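Data first, discussion second: the structure below is written as C-alpha cells.
Here the structure is a predicted model, which means the values were calculated and not measured. Convention: sequence-line order gives letters A, B, ...; per-chain numbering from 1.
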Amino acid sequence: MSVKYREHKGLNLPSVAKEVLEKWKLENTFEESVSTRDENKPFVFFEGPPSANGMPGIHHVMGRAIKDIFCRYKTLKGYRVERKAGWDTHGLPVELSVEKELGITKEDIGTKITIEEYNAACKKTVMRYTDVWNKLTEEMGYWVDMSDPYVTYENKYIESVWWLLKEIYNKDLMYKGYTIQPYSPKAGTGLSSHEINQPGCYQDVTDTTVVAQFKAKKNDVLPENTYFLAWTTTPWTLPSNTALCVGPKIEYVLVKTFNQYTGDAVNLVLARPLIGKQLSGKYAVADEELTMEGFSLGDKKIPYTLEKEFIGSDLVGITYEQLLPYTLPHENPEKAFQVISGNFVTTEDGTGIVHIAPTFGQDDAQVAKDFGVPPMLVLDENENPVPLINLQGKFRPEMDEFAGLYVKNEYYNDGEAPDKSVDVLIAIKLKEENKAFKVEKYVHSYPHCWRTDKPILYYPLDSWFIKITENKGRMAELNKTINWKPKSTGEGRFGNWLEGANDWNLSRSRFWGIPIPIWRTEDRTEQICIGSAEELKNECQKAIDAGLMDENPLAGFEVGNMDKANYETFDFHKNYVDAIILVSPSGKPMTREADLIDVWFDSGSMPIAQRHYPFENKELVDEKGFGQADFIAEGVDQTRGWFYTLHAIASMVFDRTAYKNVISNGLVLDKNGVKMSKRIGNAVEPFENLSTYGADATRWYMITNAQPWDNLKFDLDGITEVQRKFFGTLYNTYGFFSLYANVDEFSYSEEEIPLNNRPEIDRWVTSKLNSLIKDVGEAFESYEPTKAGRLIQGFVTDQMSNWYVRLCRRRFWRGDYSEDKIAAYQTLYTCLETVAVLSSPIAPFYSDQLFNDLNKVSKRYSEKSVHLTTFPTIDENAIDIDLEERMSIAQKVCSMVLSLRKKENIKVRQPLQKIMVPVLDQNFARRIEAVKDLILSEVNVKELELLEDTTGVLVKKIKPNFKTIGKKYGKHMKAIIAITNQWSQDNIIAVDKNKGWTGEIEGDSIALETEDFEISTDDIPGWLVATEGNYTVALDETISPALKNEGIAREFVNRIQNLRKESGLEVTDRIELQIKSDDKINLAINDNLNYICSETLANSLDLVEEVKGEKLVFEVEEGVSTELTLSKV
RNA sequence: AGUCCCUUAGCUCAGUUGGUUAGAGCGCUACACUGAUAAUGUAGAGGUCCGCAGUUCAAAUCUGCGAGGGACUACCA
C-alpha cells in the first residue's frame, strides 16, 4: 500500500500554523534555511531594533511580514540571508517609565538615587517585554535569529559606537556649539520638547511689550530720519538684537508722523496690512484740519501720511543703528544690524518686521545664520563666547545699569523683586530716547517650567554637533543610488530632508544611554575622543601615572580578548565613565563631557556595531559587504529616524550607503481609517488576531489588500475574505486532487508526459503557470509584494480552480488510469506544488503544509520544507501567449453563451445543437477552432460553426482606432468620427475590402489603413445574439426531441449522483438502478442508457413498474414525475 | 507652517506610454450550477474618477490652484 495524500477534515489555518511551527522547531528549519545556502552568496538584511519596553501591536506584524517576505524570497533564490535580531535599549521613554515606576524626577537622580541604581533599573525595565516579542515573532512566522541579538547597552556595542564617533571626530566633523533650547534658569536645566508639551506648561501671562524704533542708516531706498518698527513681547531680548527680519513678499509702507512720547517728527516703516493696528488711537490720517505742520506734543490727535511703498525684498540689506549699544558681538560685528528676510514672517500681529535676537530664539538663530548675521555673544573671563544673560537668568556686566538684574521678575525670591521689571525699565529708557513707538501690556501664552512653575527662556545651550551640512551634497548623491519603495519617499520626503538638513545635535542631558566619549580640560583648550576600550584603558593608565587617578577602572579588561566575560569586567555607562579623569598632553586633568549621545546614533550604528566591528568580524564587513544592507524595511515614520541616521553615519564614515533597497511602509489604521491607539480602544490585539485567523491569512490580507507604503485600513472582514477566497479555494483544489489521486494511487512515479502530448487545457494552464512564475519573480525582485500576492491569488482562484479544475473534473474521475488522466494529475500537481513555493514567502505556514502534503507522496524533493527549496525556474518553452489568448477567447465565448442561455431560461443541463461565431480574420478562426471542444462541453452544445461573411448577412460595426489615428491625424479626429459614424454597411465592407480608406477632410487628404479601424460584427439577423467587444456569438435555441431526451438523461444523472452522495457511497462504488417506467421518459432513458450508466457507475439500469425500497421521487420536468432507487453492488 | 502620501461603485482596491462604453472582489437582489460544497456561474442595481482651471483632436491619467484625510518635522515676534 503506497503512501496516501493527506486528507484534511477542514481548513483551520491557526492549527496549521501551530503544527508547522512545531515541525520547524523539531527540524531546525530556520537554521537550515540559512546554513544550507552558499556562504559566498549573502543577502544582507538589517533588522531595525524595536524597543522592548513596550508591547508589540498589529502594525509590527505588518512591518515584520514585509521584512520576512523578502528574506524568505531571497532564500528561495539561493541567497544566504542571515537575520540578526536586535534591541534598542536606551532613550527617554525608558527613563520616563522608570521614573514613573520609582516615583522620582530627573532631579532626584544623583541625590535620592544614585545614577548606578537608576541605570540598573533602566536596564531591567527595558527588556521587560522581550518574551512577548519573542512569542509574537514566532507565532507570526517571522524568521529572525532571536538567540543572539545585538543589544545597544552592551559594552561591545557601545565600543563600536565610540569607534564610529571617533572616526567622525577625526574627520573633523564634530564641534561643540550651541542651539537655542528651552531652559529653566531656576532649575538650571534645559528642557526637552517633550517636557514643554506637558499639559499646564503654557500659561497666560501679562507682559510689557514694546514696538521699538530702529533707526536706518543712510541708504538709497529710504529718506533720512527713518525708523523700522518691530514689536516684541520680550523687551529683555532687545539688547541682544542683531537683525530685523521682513517677509520678502510682504508690502511695506513709509509713514510720516510724530513720536507720541517725544513729539519728534519721524518716518516709519511697517507692513501695510498693519497700519490700522499700529497707527490707531491717537493717530489719524492728516487732512485739512489736522495738518502735519500744526502738530505739537500734547495734542489729542497725531497726524500721519503715507509716503512710499516697498516690498520686503527691497529693504533687505539696509543697515540700522544698534538699538541699545552696550556691546558688540565678538564675531563679525560688521555684519550685525541689517535687514534680512524670512518666510516665517506674517502680518497677523506686530508690525510685519521681526526683531531678531539669535541668542534667544530658535527661528532667530536659524535665519541669522542663513544671512551670516552674528549672534550677540561676548567673550567671558575665560574667552568663551556667552550671551548677555547668564545661566541664572541675570544680565552680564556688559549691561551697565542693568547688570546683575534678573531678566524676569519671577526669578527673584519672594519679596525681593524690584517694582519695575527689566522689561519696564527698558521700555522707559527707549521712550526717553525716541526709540519706542508704543509700549503696551499684552496677554499671551508663554511656556513655563513644569518643576519650578517659572517662565522658561529660550537660551543657547552647549551641545556637540556633527557637521551634517558639510556632507549634505554627498549624502544626497548617495541617496540617488538607493532603491526606495515607494520612490517618492526617497526623492521627496527623504531627499528634501537631506537638502534642508541641519547639523546633528548629538547631546542629550540624560543618564541612560551611551556617553559622549570626549574628555576636556576645564579651559576647553585640550580634549580627547576615545574610540575603544583599549584606548580608554591606556589613557587611564597615563592618568594614574600623572597622579590624577588611583586605580584603573579597566584593570580587569584584557585587551584583544573578545570573550563576553572579558567585556563584562567594566561598564561604559555614565555612572562609570564620569568618574574617570584623564590627563591632557600638557598634563592638565580632563573630565568627560556630561552629555549622552542621541539614541538615534545608537541605532544608526547597528550595521557595524551589531558585529562589534572593527574589533571583530573585520573581514566580514570589509570584504564581504556585511556593513551594507541589501534590504531594510521599516515604517515611514523612520524616514527622519533610522533611515536617516543609518544613511548619515554610513556616508560620513564609509562614504557609502547603508542600504541598497528600502521599503518604507505605511501605517496600520483601523477599518475607519483612524490611527489605532490604546486610548481610543480601536487597537487590534495581535495575538488574538493570530490565534483567530492564523498568521497566513493575516499576512496575506495585509500584503494583498494595499501596497505596503499606503496606509492599511485594517478590517477583520477582509481577513475572513482572504481566508475563504484564497486559502479556501487552494484548500479545496488540493482536496479535490488528493481525493482522486488517492483513488488512482497517483504518486508522480510515471515519466513526465511531454507537454506536447498533453491536451490543450493542460498546456494552457502550464503556460499560465510559467507566466505566473515569471511575473511573481519579477514582482518580488522589484520589491512589490502586493503585486506578487495578487498575481498568485488570481491564478489560484480564476485560472487553476475556476477554469482548469472545473473543465477537467471528469478527467480525474472517469475512465482508466490512462495517459490523459496521468497528464491531468501531473499538471494539477505541478500547479499546486508551484503555488506552494511561490506563496511561501507570504504565507509560510500553509504553503509548507501544502508542499509537504504533496511531497510526502511524490518525494520529488529531498527537502523537508518548502522554505528549503528553490524558487521555480521558468520553462520559457511552456509559455505560449497565443494559447493563453485562445483560452481567453474560449472563456469569453462561454460566458456569452451562458449569458444567452440565462436570458432564454434554458438550463445548461439541456443540450443545444449549435452556436455560430462570425470570424473576422483567419487568425481568429484558427484560435477558436483550437478551443472548440472546450467551449462545447462547457456550454453543453453540440457544434460550433464558424461563420465566414460571404453572404453579407452579418451586420457590421466599424470603430476608428483612436490610438493610431490620433498620432497621424489628431486634429481631424472629431471629423473622422463623424464620418465613420455615418457609414453604411456598404461603406464598411468597402473599407474592409480596400484595406483602408482615403479621402479628404477639412481640406487635408487622409489615408487610413486597416490597422486604423476595428471592424466587428454587431448582429446576425434572425438569431439569438450576444456581443461583447469584438466578439459575437449566436445560439440556436431549437430543442429537438433527441436533444430533449438527452436533457432528461442528464437530469437523471444529476439526481442519481446526488442520491449516491446522500447515501454515503464512495466515489468508486458500483451501483444498480431501478427507475419507474413512464412513457414520457422511457425513450429518453433507453436512448442514453450507456451514458447514464457510465456517468453514474451503474452496472444495470432497469425500468420497472414498481420501485421497491427507499426511493427518490422527483420531477423530471413540469408534470412528469418518476421514482428511482439505487443499490450498491 | 513646511515636506510627503492618499482621495475611482455602499466597502477594499485595479486602472499600463493620455485613446472615447472606467474594471475586479466583497456586500445587496434574482436565477442557475454542483461527484471541489465554508465553493461556483449568470444577470441586475450601484460612478460628478474629491473640486476648479489649464494643456490636448482626446484627461481618471499630464500641469496649476484648492478641499478633505493621514504621517513626519518645526515654530510663533
* **Parallel, tilted or perpendicular: ring planes of A:Y846 versus A:F727, cut at 30 and 60 degrees** => perpendicular

* B:G66 and B:A9: how far apart are their P atoms, nearest whole angstrom? -> 26 Å

* To do: Could you tell me whether the phosphate oxygens of B:U12, OP1 or OP2, come under 4.0 Å of any side-chain nitrogen or oxygen in A:N705?
  => no

* Scan A:T797 against the nucleic acid and name what it touches under 4.0 Å (heavy atoms): base, sugar-phosphate only, or nothing. => nothing

* Asked: When the C1' atoms of B:C65 and B:A71 are considered, how many whole Å apart are they?
  -> 23 Å

* Structure fact -> Of B:A36, B:C76, B:U42, the nucleotide closest to the side chain of A:Y458 is B:C76

* **Interatomic distance, A:Q278 CD vs B:A77 P [rounded to whole Å]** => 15 Å

* Structure fact -> Paired to B:C33 by Watson-Crick or G-U wobble criteria (both distances under 3.5 Å) is none

* Rounded distance in Å between the P positions of B:G41 and B:U56 -> 46 Å

* Between B:C49 and B:G10 - P atom distance, rounded Å -> 12 Å

* Structure fact -> Between A:L739 and A:T704, whichever has its closest RNA chain B nucleotide further toward 5' is A:T704

* So what does A:E938 hit on the nucleic acid, given a heavy-atom distance under 4.0 Å: a base, only sugar-phosphate, or nothing? -> nothing

* Please work out whether the ring planes of A:Y734 and A:F737 are parallel, tilted or perpendicular, with thresholds of 30° and 60°. => tilted

* To do: May I ask you to verify whether the side chain of A:S801 and the base of B:A36 hold a donor-acceptor pair under 3.5 Å?
  => yes

* To do: Using both distances under 3.5 Å as the test, list the Watson-Crick or G-U wobble partner of B:C62, or none.
  => B:G54

* Asked: If you check the A:R790 side chain, which of B:A36, B:A14, B:A77 turns out closest?
  -> B:A14

* To do: Hunt down the Watson-Crick or G-U wobble partner of B:C49, both distances under 3.5 Å, from any strand shown, or write none.
  => none

* Asked: Going through the checks in order, is the side-chain hydrogen bond (donor to acceptor under 3.5 Å, both in side chains) test met by A:E634 and A:N665?
  -> CA-CA 6 Å; A:E634 298 292 331; A:N665 57 271; over 6 Å; no

* Taking OH from A:Y804 and P from B:U40, how many angstroms apart are they, rounded to a whole number? -> 20 Å

* Kindly point out which of B:A77, B:A14, B:G41 is positioned nearest to the side chain of A:T233? => B:A77

* Intermediate values then yes/no, salt bridge (Lys or Arg N to Asp or Glu O under 4.0 Å), A:K787 and A:E778 -> CA-CA 10 Å; A:K787 211 171 188 179; A:E778 280 168 11; over 6 Å; no

* To do: For B:G70 and B:C28, measure between their C1' atoms and round to the nearest Å.
  => 31 Å

* Asked: Whole Å only: how far is the CZ atom of A:F214 from the C1' atom of B:A77?
  -> 11 Å

* Is there a side-chain hydrogen bond (donor to acceptor under 3.5 Å, both in side chains) between A:Y825 and A:D744 once you walk through the steps? -> CA-CA 10 Å; A:Y825 279 128; A:D744 286 322; 2.6 Å; yes

* To do: Quote, to the nearest angstrom, the P distance that separates B:U3 from B:A77.
  => 23 Å

* To do: Rounded off to whole Å, could you give me the CZ-to-P distance for the A:F494 and B:U73 pair?
  => 14 Å

* **Nearest-angstrom distance, C1' atom, B:C5 to B:G27** => 29 Å

* Asked: How close or far is atom P of B:C11 from atom CZ of A:F714, stated in whole angstroms?
  -> 20 Å

* Could you tell me how the ring of A:F360 sits relative to the ring of A:Y459: parallel (under 30°), tilted (30 to 60°) or perpendicular (over 60°)? => tilted

* Determine the interatomic distance between P on B:A58 and the same-named atom on B:U21; round to the nearest Å. => 15 Å

* According to the interplanar angle, ranging from 0 to 90°, do the rings of A:W504 and A:Y644 count as parallel (below 30°), tilted (30 to 60°) or perpendicular (above 60°)? -> tilted

* Asked: If you check every side-chain atom of A:V354, which of B:A14, B:A77, B:A36 has the closest atom?
  -> B:A77

* To do: Name the residue closer to the 5' end of RNA chain B, choosing between A:Q707 and A:R806 according to the nucleotide with the nearest heavy atom.
  => A:Q707

* Asked: Which nucleotide, in any strand shown, forms a Watson-Crick or G-U wobble pair with B:U12, with both distances under 3.5 Å?
  -> B:A24

* Structure fact -> Taken to the nearest whole Å, CD/A:Q891 to P/B:G41 is 11 Å

* Asked: NA contact type, A:A706, heavy-atom cut-off 4.0 Å: base, sugar-phosphate, or nothing?
  -> sugar-phosphate

* Stepwise side-chain hydrogen bond (donor to acceptor under 3.5 Å, both in side chains) check, A:T237 with A:T234 -> CA-CA 6 Å; A:T237 62; A:T234 52; 3.2 Å; yes

* Measure the distance from CD1 on A:I965 to C1' on B:C57 and round it to the nearest whole Å. => 11 Å

* Which part of the nucleic acid, if any, lies within contact of A:T351, taking any heavy atom under 4.0 Å across all strands shown: a base, the sugar-phosphate backbone alone, or nothing? -> nothing

* **Listed nucleotide nearest any side-chain atom of A:T232, set B:U40, B:U42, B:A77** => B:A77

* Are any of the side-chain nitrogens in A:K441 or A:D207 under 4.0 Å away from the carboxylate oxygens of its partner? -> no

* To do: Name the pairing partner of B:U3, where a pair is Watson-Crick or G-U wobble with both distances under 3.5 Å, or state none.
  => B:A71

* Using a 4.0 Å heavy-atom cut-off, write out nucleotides 21-31 of chain B from 5' to 3' as B (base contacted by protein), S (sugar-phosphate only) or - (no contact). => ----SSS---S

* Asked: Just checking, is any N or O donor in the side chain of A:W700 or A:Q793 under 3.5 Å from an acceptor N or O on the other one?
  -> yes

* **Integer-rounded Å distance: B:C4 C1' and A:F643 CZ** => 14 Å

